[in-house]
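Shown next, in structure tokens, is the structure this report addresses.
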Amino acid sequence: MKKNKIMRKLIFLTALAVPVFLASCGGDQTKNESATSSTETTDTLPEVETPVSNTIEISGNDQMKFNLQEIKVKAGEQVTLTLKNNGTLAKQAMGHNFVLLAPGTDVEAFAMKAMTKQDADYIPSEMNASILAHTKLLGPGESDTITFTVPKGEYEFICSFPGHWGTMRGKLIAE
Ligand code: ZN
């Protein structure tokens, strides 16, 4: 993706360089400069905006993925979040939860602690200060709805089932 963009830019600049070079030899400097600067802004690709909503539906699957990597909510207003496990594998092998972490949490350290807490559905109670909200651990076809309110900021969320946090991880932005 990034490489493509750079390549496009290189091709674009190469194409641009020839007439600019010729024009600067020709003498009309002011006209030439304004033409070069105006082309700079045309090379940005449009980005898909994540909608802001306080009713969130997110799912996990057997490929250890959430369907959302970014969630945007309104700060200071209650969020209702439903996690659904869309997979078919047994809970013991491929359970999913949604754990919203406090800013500044060391995600890896948290996940390492969580994986030792099978009896507590991988929610480490000694790290409660780092947990802003979490769902139950869900087996195939199950869902759980939670509510929480967060101030303006950026938060990371993970599935704390052992080994899942590497791919089941995303960002919640409250604005
Ligand atoms: Zn998971």
Side-chain angles (χ1 to χ4, degrees), residues 1-8 44-175:
M1 206 62 181
K2 256 203 177 118
K3 201 172 178 184
N4 263 340
K5 198 174 171 187
I6 292 163
M7 281 302 292
R8 273 187 49 211
T44 48
L45 296 170
E47 283 189 17
V48 181
E49 274 287 309
T50 305
V52 178
S53 170
N54 280 29
T55 304
I56 305 293
E57 288 186 13
I58 181 169
S59 59
N61 63 20
D62 287 344
Q63 283 72 50
M64 280 195 280
K65 293 269 175 67
F66 284 126
N67 66 324
L68 302 175
Q69 273 81 52
E70 187 176 273
I71 295 171
K72 281 187 180 169
V73 301
K74 279 189 189 156
E77 293 181 24
Q78 182 172 279
V79 177
T80 302
L81 180 143
T82 300
L83 172 68
K84 180 151 194 245
N85 181 345
N86 282 339
T88 57
L89 297 172
K91 185 174 170 179
Q92 293 79 2
M94 188 57 73
H96 298 305
N97 64 11
F98 172 97
V99 183
L100 185 65
L101 298 169
T105 302
D106 180 336
V107 179
E108 184 171 5
F110 182 90
M112 291 301 139
K113 180 60 80 178
M115 70 184 283
T116 68
K117 302 291 173 180
Q118 186 175 8
D119 293 345
D121 282 349
Y122 307 109
I123 299 297
S125 56
E126 65 268 52
M127 296 184 91
N128 265 345
S130 298
I131 305 169
L132 298 180
H134 72 87
T135 66
K136 291 187 285 201
L137 186 69
L138 304 176
E142 293 180 338
S143 65
D144 188 29
T145 299
I146 55 171
T147 58
F148 57 87
T149 304
V150 283
K152 192 173 184 208
E154 287 194 12
Y155 308 84
E156 292 206 80
F157 63 84
I158 61 166
C159 169
S160 68
F161 192 92
H164 288 197
W165 69 280
T167 50
M168 300 189 77
R169 181 176 182 172
K171 193 185 283 184
L172 182 141
I173 300 163
E175 55 185 36

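Each ligand, and each atom within it, is numbered from 1 in the order the structure gives.
- One finds a salt bridge joining Glu49 and Lys72 here, because a Lys/Arg side-chain nitrogen approaches an Asp/Glu carboxylate oxygen to under 4.0 Å.
- Between the side chain of Asp62 and the backbone N or O of Thr88, at least one donor-acceptor pair lies under 3.5 Å.
- Taking the Zn ion (ligand 1) as the corner point, the angle from Met168 atom SD to Cys159 atom SG is about 110° (rounded to 10 degrees).
- With no hydrogens or angles considered, no side-chain donor-acceptor pair links Glu57 and Thr82 at under 3.5 Å.
- As for His164, its N/O/S atom nearest the Zn ion (ligand 1) is the one called ND1.
- Among heteroatoms of the N, O or S kind in His96, ND1 lies nearest the Zn ion (ligand 1).
- Taking a cutoff of 4.0 Å between a charged side-chain nitrogen and a carboxylate oxygen, Glu126 and Lys117 qualify as a salt bridge.
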